[in-house]
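Here's the structure, in structure tokens; my notes come after.
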Amino acid sequence: MLSRWSKLLAITGLLLFSLLSFTGQADAASSTYVTKGNTTSKVVALTFDDGSDGTNINKILDILKTNNVKATFFLTGSGINHHPSWIRNIANAGHQVGNHSYSHPDFTKISIAAMQSELARTETAYKNVTSKSTKPIFRAPFGASNATVLKGVGDAGYTHTIQWNIDTIDWRGLSSTEITNKVVNNIVPGSIVLMHTGAGASGTPGALPGMISKLKAKGYKFVTVSELLKLPPTGGATYTVKAGDTLYSIAKKYNVTVAALAKANNITNYNLIRVGQVLVIPGTTAPTPPPATTVKYTVKAGDTLYSIASKYNTTVAAIASANRITNINLISVGQVLVIPVKQAPPPVTTVKYTVKAGDTLYSIARKYNTTVTAIAKANNITNVNSIRVGQVLIIPR
């Protein structure tokens, strides 16, 4: 009789242990909410939120490069799809990137499933453009967050939700001086500064040079969010947990330590991971695609997507995707196509461009990824400041 009860208790205990283990595995750690770095060192993280237009991205990148500053950009999926070449410029310049949702909804007003769909769509869009990941940092649209949001975001693999302690409110169209003063007058060690890349933040590009100079004069150094928070370096590789996986087996597979893997994913119990959970792999690098550029091409009579793809050594599918074309047989004469190319077209190819109001040789050169000198030489221009509206320029490529 005692033996029978012992067996029954053993079986019950085993079932209870299995049930508790399964339940525990479903509970991933919530994302950590951060407003500033916990440090006494004079470091500051400049961050830029990118919406759907991204008007000032390249101006901002030029200024950051000139001043040898690395920043952090929080991207929306809609913005990535709207201006993919500018997003590549951010990644290629070595700045950090985080997830800012796909369509910028208030996360406190949508379901966890909807949150994770927003995050996944943006992650996919960014990987398609750069082969890198937006993990492990997230910024909530409107800064709206609560315990439910942090749980849903943490489950999706975003270990840190990044707020700010200095809001420039540059999106209201503040002047460069106002933006600079907001930052310089409120700076403290570990500050996270919020700015924007869109047309509404018209004063931001003008504010940056002076802001950077004044902060440097105060002894501040510029860091990315991950550097500020001392997060493990991540090059973008992720791994989806499969049945039978353990943190040990995954760590061994990627030649990293269990501790590093746990820290990168905000895991406090090494034994609790679940099938389907997406883990960020620290210290790894996602494959880098060949240098990519985009070219604009105006459809001419007789053109087909196939002939254009052949001309630029790309695929019909790639052109269709870049231009959101659903019927590859329907293009019109005069239609301007964005051509994603992995290598530049043959050097003999030239493009003709008609100067519009507001154009400069610099803006035209930037548009076609060439130099002012090359355009001036191709068009026998001796004064690079003298071009006129309606003038047809040959753009050497």
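Heavy atoms only: backbone and side chains are in, while hydrogens, waters and symmetry mates are out.
Atom CZ in Phe48 sits 4.5 Å away from atom CG in Leu208 (nearest 0.5 Å). Annotation: the span from Leu194 atom CG to Lys182 atom NZ amounts to 11.5 Å, rounded to 0.5 Å. The NE2 atom of His100 sits 12.5 Å away from the CD1 atom of Ile162 when rounded to the nearest 0.5 Å. Residue Leu150 holds its CG atom at 11.5 Å from OG1 of Thr159, rounded to the nearest 0.5 Å. Expressed to the nearest 0.5 Å, how far NZ of Lys216 lies from CG of Asn67 amounts to 5.0 Å. Taking NZ of Lys109 as the start and CG of Asn146 as the end, the distance is 11.5 Å to the nearest 0.5 Å.
By the salt bridge (Lys or Arg N to Asp or Glu O under 4.0 Å) test, Asp49 is found to be paired with Arg139, residues two or more places apart in sequence or in another chain being considered.
Each of Leu64, Leu46, Asn89 was compared with His95 under the side-chain contact (heavy atoms from CB on, under 4.5 Å) criterion, and only Leu64 meets it. Ile192 pairs in a side-chain contact (heavy atoms from CB on, under 4.5 Å) with only one of the listed residues (Thr72, Thr47, Ile166, Thr35), which is Thr47.
A salt bridge links Lys127 with Glu123: the distance from a Lys NZ or Arg NE/NH1/NH2 to an Asp or Glu carboxylate oxygen falls below 4.0 Å.
Using a 4.5 Å heavy-atom threshold, the side chains of Leu361 and Leu393 count as touching. Side-chain contact between Leu75 and Thr134 is absent, with no heavy-atom pair separated by less than 4.5 Å. For the pair Ile137 and Phe74, the minimum side-chain heavy-atom distance is below 4.5 Å. A 4.5 Å side-chain heavy-atom check between Met195 and Met211 finds at least one atom pair inside the cut-off. Side-chain contact check for Ile339 versus Ile319: some heavy-atom pair is nearer than 4.5 Å. The shortest distance between side-chain heavy atoms of Thr298 and Lys352 does not fall below 4.5 Å. Contact check for Thr168 versus Leu174: no side-chain heavy atoms found under the 4.5 Å cut-off. Counting heavy atoms from C-beta outward, Phe73 and Asp50 have side chains that stay 4.5 Å or more apart.
Aromatic ring orientation, His83 versus Trp86: parallel (interplanar angle below 30°, classes split at 30° and 60°).
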- Task: Would you please test Ser31 and Thr161 for side chain to side chain donor-acceptor pair (under 3.5 Å) and show each step?
- Result: CA-CA 6 Å; Ser31 185; Thr161 294; 2.9 Å; yes

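Using a distance-only test at 3.5 Å, with no hydrogens or angles considered, no donor-acceptor pair links the side chain of Asn379 to the main chain of Ile381. Side chain of Asp53 to main chain of Ala199: a donor-acceptor pair is present (N/O by atom type, distance under 3.5 Å, no hydrogens or angles). Gln163 places no side-chain N or O within 3.5 Å of a backbone atom of Tyr33 that could act as its donor or acceptor partner. A donor-acceptor pair is defined here as one N or O able to donate and one able to accept, closer than 3.5 Å; such a pair exists between the side chain of Ser78 and the backbone of Tyr102.
Apart from Ile112 itself, the hydrophobic cluster it occupies contains Phe107, Ile110, Met115, Leu119, Phe138, Val149, Val153, Tyr158, where clustering links Ile, Leu, Val, Met, Phe, Trp and Tyr at side-chain heavy-atom distances under 4.5 Å.
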